[in-house]
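First comes the structure, then the notes that go with it.
Since the model is a prediction, treat every value here as computed from it, not as a measurement. Each ligand, and each atom within it, is numbered from 1 in the order the structure gives.
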Amino acid sequence: MLNFEDFFGAEVTPEIIRPGAVLLREFARKDAPRLTEDVRSITRIVPFRAMQTQGGAKMSLMASGCGDLTWLRDEPSSEAAVYSSAIPEGEDNWPDMPPLFLDLARRAANAGGFPGFEPNACLINRYRPGAKLGLHQDRDERDDDAPIVSVSLGLPIIFLFGGLERSGPIARIPLDHGDVVVWGGPARLAYHGVLPLKEGFHPAVGRERINLTFRKIRT
Ligand code: MD3
Ligand code: FE
C-alpha cells in the first residue's frame, strides 16, 4: 500500500524523472545529521577503500557499506562483481544496517511507488573533489524486481541518467544534500553515472559527497 503521508505530505512532491525513476527532493533532509553520524560509525569499523572497475581500473570514489551483504570490488576479479558477507579483512561481518537506514529506505521506496522494499545491503560511496563515476549499469544484485534507493549527502553533484543502451541520450540531474531517488521497474537497468565533484565545503558533511544506495541482493 502506498503511504498517504509519504506521497501527499507537505514535505515532498515526488517528481517522476522517467517511468520507474522518482526523485524525492529533500526527502532525507531532516534525517541527514543522523544518517551522516551513522556513516561515520560504520566507516570507523570499515574504512572507505579505493574501488576498482570490472576492468581493474582504479576508481576515484571510495566505498564502504553495511548490511547482510555488500559490494566488494576493491581487488581485481575475474568475476563481474563480488558480493560477500565478510569484510575484506576477514573475520567480522559487515556492520548491521542502522535502523534509521532501513526505515528511510522503506519510506522512500514506498513514496516512490515501490512498497514492500526490504533492502539487505547499503553501499556507501564517498566522493572528494574531482571524483566521478563513469556510465554503467547496476546488474550485480541479481534481483531486478527490487528498486534501488539512493540518498545524497553533502556537496551537490550532477547525476547522469541515460537509457538502456550506452549510446542513448543522457539527462543531467543535479542532486543535493538530502535528495533521494528511487530507481525501479523500467529505470532499474538504465545507464547512469556522475560528473566530477566540484570543490566545495558542506557545513554538515565537509569537503565531500556521500551517496547511500540501498539494494536487495539475491544470494
Ligand atoms: C539508476 N552510485 O553505486 S546513485 C552506484 O552517486 C552508483 O554514487 C551513484 O551508481 C552515486 O552504483 C549513483 C543513483 C543510482 C544508483 C543506482 C541506479 C541511480 C541508478 C540503478 C539504476 C538506475
Ligand atoms: Fe550504479
Side-chain angles (χ1 to χ4, degrees), residues 15-25 27-28 35 39 43 48-54 59-67 69-74 80-83 101 104-105 108-109 112-114 117 119 121-166 168 170-198 202 205 208-217:
E15 293 171 42
I16 297 176
I17 303 172
R18 207 190 289 160
V22 184
L23 173 55
L24 304 164
R25 284 238 185 258
F27 191 88
L35 293 170
V39 168
T43 58
F48 287 112
R49 68 199 62 235
M51 302 294 274
Q52 297 195 353
T53 64
Q54 291 180 33
M59 295 171 78
S60 52
L61 61 80
M62 295 181 83
S64 180
C66 62
L69 293 161
T70 191
W71 181 278
L72 272 186
R73 197 186 274 152
D74 59 339
V82 182
Y83 279 101
F101 277 33
L104 174 70
F114 293 88
F117 180 48
C122 176
L123 175 69
I124 306 173
N125 290 333
R126 185 191 71 188
Y127 299 77
R128 293 251 164 100
K132 61 183 165 60
L133 181 61
L135 271 191
H136 67 281
Q137 293 172 297
D138 289 17
R139 291 183 163 280
D140 303 322
E141 292 73 19
R142 297 178 290 234
D143 186 344
D144 299 342
D145 297 333
I148 290 179
V149 170
S150 74
V151 178
S152 293
L153 299 169
L155 292 175
I157 207 162
I158 306 287
F159 178 75
L160 302 174
F161 188 38
L164 294 178
E165 285 172 49
R166 190 182 284 277
I170 293 169
R172 293 178 173 221
I173 302 159
L175 292 180
D176 208 339
H177 183 65
D179 290 349
V180 175
V181 194
V182 181
W183 315 89
R188 178 64 184 76
L189 291 177
Y191 276 91
H192 59 280
V194 300
L195 291 181
L197 185 71
K198 284 196 182 147
H202 188 276
V205 179
E208 58 194 30
R209 167 179 186 261
I210 289 169
N211 182 76
L212 312 177
T213 46
F214 294 96
R215 302 157 190 261
K216 185 177 174 85
I217 296 151

Look only at interatomic distance and state if Ser150 has a nitrogen or oxygen under 3.5 Å from any nitrogen or oxygen of ligand 1.
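Such a contact does not occur with ligand 1.
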When only distance counts, is His136 in polar contact with ligand 1, meaning an N/O pair under 3.5 Å?
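Min N/O separation from ligand 1 is below 3.5 Å for His136.
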Using side-chain heavy atoms (C-beta onward) and a distance below 4.5 Å, is [X] in contact with [Y]?
X	Y	answer
Lys198	Leu155	no
Ile173	Val181	no
Val151	Phe27	no
Arg188	Asp138	yes

At under 4.0 Å between heavy atoms, which part of [X] makes contact with ligand 1: side chain, backbone, both or neither?
X	answer
Leu133	side chain
Arg209	side chain
Arg215	side chain

Looking at the Fe ion (ligand 2), which N/O/S atom of His136 is the nearest one?
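Atom name of the closest N, O or S in His136: NE2.
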Atom of Asp138 closest to the Fe ion (ligand 2), considering N, O or S atoms
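Result: OD1.
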Euclidean distance, Arg209 CZ relative to Arg128 CZ, rounded to 0.5 Å
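Reported value, rounded in 0.5 Å steps: 14.5 Å.
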4.0 Å heavy-atom contact, Val181 with ligand 1
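Heavy atoms of Val181 never come under 4.0 Å of ligand 1.
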May I ask whether Tyr191 places a heavy atom under 4.0 Å from ligand 1?
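Flag not set, Tyr191 not near ligand 1.
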Give the ring-plane orientation class for Phe101 versus Phe214, where under 30° counts as parallel, over 60° as perpendicular and anything between as tilted.
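Correct class here is perpendicular.
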Val182 to Pro147 - nearest heavy-atom pair and separation
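Smallest interatomic distance, heavy atoms only, reads CG1-CB, 4.1 Å.
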If you take all heavy atoms of Ile158 and Arg172, which pair is closest and at what distance?
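In this case the closest contact between Ile158 and Arg172 is CG2-CB, 3.7 Å.
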Under 4.0 Å from a heavy atom of [X]: which atoms of ligand 1 are those, numbered in the order shown and with their elements?
X	value
Leu123	3 (O)
Tyr127	6 (O), 8 (O), 9 (C), 11 (C)
Val194	6 (O)
Asn125	2 (N), 3 (O), 5 (C), 8 (O)
Ala187	22 (C), 23 (C)

Take atom CG of Leu195 as the centre, draw a 6.0 Å sphere, and report whether it contains more than 12 heavy atoms from other residues, nucleotides or ligands.
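Above 12, so yes.
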